[in-house]
Each structure stands twice: as C-alpha cells, then as structure tokens.
Amino acid sequence: MKLRTGLLLGTAFLAGITAGPTLEAVMAPSLGQMISSKAFAKEVVADPDNHSETLRLLTLFGTVLDLVRAEYVEPVSDKDLITNALDGMVGGLDPHSSYMNEKQFKEMQIQISGKFGGLGVQVQQQNGHIRVVSPIDGTPASRAGLKPGDYITEVDGKSLEGLTLDQAVTKMRGDPGTKITLTIVRAKEPKPLKITMTREVVHVQVVRSSLYGNIGYIRISEFDDDTETALHEAYDKLKAKSGNKLQGLVLDLRLNPGGKLDQAIAVSDDFIPEGEIVSIRGRHAENNRRWDAKGTDITGKLPIVVLIDGGSASASEIVAGALQDHRRAVLVGEKSFGKGSVQSLIPVPGHGAVRLTTARYYTPSGRSIQALGIAPDIVVKESKDDDGYGYREADLAHIITNTGGNKNKAPARTDLPSISGSIPHAPADNWPRFDPAKPATDFQLQQGLRVVRAMASLPDEALPLGQPAADKPADKKEDKPTSPPPAPPQAQQTTLPHH
C-alpha cells in the first residue's frame, strides 16, 4: 500500500493545547477502499506466505473484542473498543505516530491555524505521564515559567494518572479568562510545584526580531504556514533599521519543536545559494525526494550564527543541519533533540486521520540525526549548573532506528573564527540570573553575538550586555527581543519515567 500524503515535522502531536506539527498539504488517498474488506482480502490473498498468520491474529482480535464486550464490569460500546485498539496499534509504532478520531482531527486543524485557546504549551505522553516539550513564546505557559522536561501530574488538584494524552489535554482546556492550576514535578525541585495560569486565546507569533548594533537577531519559534514570509519581513525591517548596514545575523532556533517541512526547506533556501538542503527516504523508493537550494541568499552572504539547544527539533534541525553542512553558519549552543523522522497526515474520510511516520530525513552530507541530534560547532550552556536538556529523542520509548546515513557526525570544520577557542562553555559565577525578558542575561545569545561579530571582523566588544541599539528602538510588537527560557537540568528518572 503506497501512499502520497502531506509531510510534517515536529516533536509532539498535541491533541490539544497548542499547535503541534503542521501540514505541508493534506491529500486524501482513497483510504476507504484501502481499509475495506475487499481491499484487505486482496492484500491477504496476494501474500500467501503470511495470510494464515494474519487471519489467525484477526480471529484473536475478534475473540478478545467479544470477551471484553461481554464480561467487562461496565458496558462498553464497540466504537470505544475499536478506537482504543486503533490508538494502541498506531501509537505503539513510535512516539510520533498516532490515530485521531474525527473530533481530534478537527481540533488539530483548528490548532494549526495559529490561533487557539489554551495555555500555549506543547506536551507529549511518555510512559503514561504528561511531559512538557516546549512552551510557546508570549503565552501563559511561557510567562508562568513552564520548562521543557516538566511533568504535569495534576490539573486543578485532580490527577492525570492513567489518562490518555487527549484526555489530559482536554482537562487543561477551557474558556479564555478562566484560571487553571497545574501541579508540576521538576528535576532538582524537592517537591511538586503549583503553578496557576489564566487561559487565553493564543496568537502564535512565530518570528521575532531585534537589532544589536549592526547585528540582526531573528527568533523562529516554530515552522507554520507563514514562517518564511515573516522571516523576510523581519529581515527587511532589520536592514531598514540598520540603514542597510547589517554586518551579521543571529538565527535563534532554540526550543523550536518543528513544524512544516516545506517551511524548513524555504527558510534554509533563504541562506544557502546552491546544493542540497535535505532528502527524505522512506519504505518505497518512489517516495524518496531531495530538495536543492535555488540560488538565493537574502543576506548577501553575511556571517550567520545559529543558536540551538535540546529543544530544537525536526524542522529546526533540518535548517541547522543544512546550514552547518554547507558551512553557511556557525552553530552555537547545545546538542539538538534528535528527531530525524517525517510524519504524513493521512485523512480517513468520515473517521479522522492517521499521523504516520513514513520516512527518515538526511542532511546534505548524508547523515541521519535520528536519536543522535546535531552537535553545535561551539558548545555554550545556558547556565553554569545546566546539565543539559532533560530528555531527547533517544530517551523515548520504541523510537525508530538510525539507519541509512553515511555519517554520525558533521564533517570537521576548519573555518571557525579564532575567537571560538576562547568562548566560555558556561557563564561565570557572577553572570546575572536568566530572565527571558532581558536579553542581557541570555548567555548563549551573548556568546553568539561575540562569534558573529568575529566572523564579520568586528571588535570583540558587543553593546553593553547585548542591549539593542539605543538610537534605534525596537518595535514594541515585532522587535522586542524574546529569548527562550533555559533548558532544564537533567530529569530525574527515579520519580517519573520520562516527548
């Protein structure tokens, strides 16, 4: 059964709180025929070596279905039983595949519009527990200080133990303006935290920018339908504010959980003049694809630093990997999440959709970063006691293997600026406590500014604590610098197993 479907990337599929991975396109193959009894019978007959085993297992399924329907302590509808079976069948394949019923599919379509109600946090279920993947900039979750790796154990005092991801998310939803209290278990905190927030309609602003002297800063928080358009607008605004005297760019992909494949390709193409950007390889050779740059570089070859961390995943790893392999940017920060797979969203008319892992992707040098991540060229931690992002793809249950790549590491770099050897890997004891509203306290950003200034042959003397140029105030809406919160310390696996 060979399917052509929309491609998407992202660390978490949310049935609810926030926009999860978004779609390149939604193409509806004739799945009604595919799952009909006649179509299935053809598949079985065409495979004489396996059909007897398949029929035996289907008989087992029917037996268990009848047993549960007849003997369970309370009546259960066939619809609920079959839906539970579909959840387990697809969700058990890997952490990023899932079955959505019709209601869940409609809710996802609303979420990916970029405007939705809730808290603004991406979550994923791991070993039966709800864990934070990433808060979205400027949302209740971000302002309240939720961090990647946090476990959400209770909502308004009621335990989430034993609930599915969708059920847990439903409990966290509510009318804008209503309050909600989450109980959080966080590594290195001696006891659970109670965090109260007010739900609101979340407007996702995926691109923000600032100007530091003549160095531009652009943060991309996720890859949705409008990311590349917003990137161009932000870059044009920075050029105008600098009087067309930009000398370098910092591209911030920290805590960017992914999104649309076509947007990751488009953003990469904006900085790479030629050559491969990314390729995908799936089970069927006819579905393998490669995307190449189209000869554009919106910066005119300005030096670029890309900031990454353990929350940079999927689409953001495609961009970081492409720019690293082409020597187009220097990567600063910490190793990325390591999600090297592509999911297809396959609508099932009248019944929802299946989100299915259908391919692995590979960087221009041919490496798969699945469960490995992308290592920065210059390692810089967010804080002195930062043990690194609490968990990555490699920590998830039943992940797909890393196969097909020709390298596990990027080719050795010989083009790093001389200052790279003197960049500290962690802040000093007297470095101010990190505050997302104050870029002066963002150690990774400050070191990234030093590196890009060196690449532009500028003196190693950034503006005082990295403040935006005083004579060119940032636009209050678009250009207020927004830095992500620091990555959490290593999660303690003794309390809760761990996207």
Side-chain angles (χ1 to χ4, degrees), residues 1-15 20-35 39-40 43 47 86-101 104-105 108-109 112 124 223-224 257-266 276-291 313-319 321-322 337-349 351-363 366-372 393-394 396-405 499:
M1 302 175 189
K2 302 176 178 60
L3 307 176
R4 296 190 60 198
T5 60
L7 303 180
L8 51 143
L9 299 157
T11 55
F13 168 60
L14 275 1
T22 52
L23 312 179
E24 179 183 66
V26 177
M27 301 172 62
S30 181
L31 291 191
Q33 289 184 347
M34 194 183 87
I35 61 176
F40 183 76
E43 291 288 328
D47 188 5
L86 293 173
D87 287 340
M89 177 177 68
V90 182
L93 296 173
D94 65 70
H96 309 294
S97 295
S98 60
Y99 168 74
M100 290 170 279
N101 60 34
Q104 293 166 337
F105 184 36
M108 180 184 181
Q109 291 173 309
I112 64 176
Q124 191 170 46
F223 291 86
D224 72 0
K260 293 186 61 174
L261 174 60
D262 66 335
Q263 290 295 301
I265 293 168
E276 180 179 331
I277 293 174
V278 68
S279 63
I280 62 171
R281 306 174 206 167
R283 180 175 177 180
H284 306 293
E286 64 268 28
N287 291 331
N288 294 348
R289 293 189 62 185
R290 164 180 164 160
W291 288 267
S314 283
S316 54
E317 290 176 292
I318 284 179
V319 176
F337 187 84
K339 180 181 177 294
S341 61
V342 180
Q343 282 67 46
S344 297
L345 189 65
I346 309 169
V348 183
H351 297 282
V354 175
R355 182 178 187 263
L356 197 64
T357 299
T358 53
R360 295 175 178 85
Y361 71 76
Y362 300 84
T363 72
R367 55 188 168 131
S368 167
I369 59 90
Q370 170 61 20
L372 293 173
E393 177 82 4
L396 302 179
H398 50 82
I399 60 173
I400 65 171
T401 58
N402 183 308
T403 60
H499 159 76

Nearest heavy-atom neighbours spanning [X] and [Y]:
X    : Y    : answer
A397 : P95  : O-CG, 3.2 Å
A371 : A394 : O-CB, 3.6 Å
P347 : P349 : O-CD, 3.6 Å
W291 : L261 : CH2-CD2, 3.9 Å
F337 : A313 : CB-CB, 3.6 Å
A264 : V319 : O-CG2, 3.5 Å

If I take atom [atom1] from residue [X] and atom [atom2] from residue [Y], how far apart are they, to the nearest 0.5 angstrom?
X    : Y    : atom1 : atom2 : value
E317 : E393 : CD    : CD    : 8.5 Å
S314 : Q343 : OG    : CD    : 6.5 Å
R290 : I280 : CZ    : CD1   : 13.5 Å
T363 : E276 : OG1   : CD    : 7.5 Å
R289 : I265 : CZ    : CD1   : 7.0 Å
S316 : K339 : OG    : NZ    : 10.0 Å

*Among all residues two or more places apart in sequence or in another chain, which pass the side chain to side chain contact (heavy atoms under 4.5 Å, CB included) test with A353?*
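Once residues adjacent in sequence are excluded, the partners of A353 under the side chain to side chain contact (heavy atoms under 4.5 Å, CB included) criterion are M100, F105, L345.
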*Of all residues at least two apart in sequence or in a different chain, which pass the side chain to side chain contact (heavy atoms under 4.5 Å, CB included) check with I400?*
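So I400 forms a side chain to side chain contact (heavy atoms under 4.5 Å, CB included) with D94, S341, T357, R360, Q370.
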*Do the side chain of Y361 and the main chain of I369 share a donor and acceptor less than 3.5 angstrom apart?*
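A pair under 3.5 Å: no.
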*Is a side-chain donor or acceptor of N287 paired with a backbone partner of R281 at a separation under 3.5 angstrom?*
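Not a single qualifying donor-acceptor pair exists.
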Do [X] and [Y] have side-chain heavy atoms sitting under 4.5 Å apart?
X    : Y    : value
M89  : Y99  : no
I318 : F223 : no
L86  : N101 : no
L356 : L93  : yes
S368 : T403 : no

_Counterpart residues, side chain to side chain donor-acceptor pair (under 3.5 Å), relative to D87 (two or more places apart)_ =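 Listed in chain order: nothing, the list is empty.
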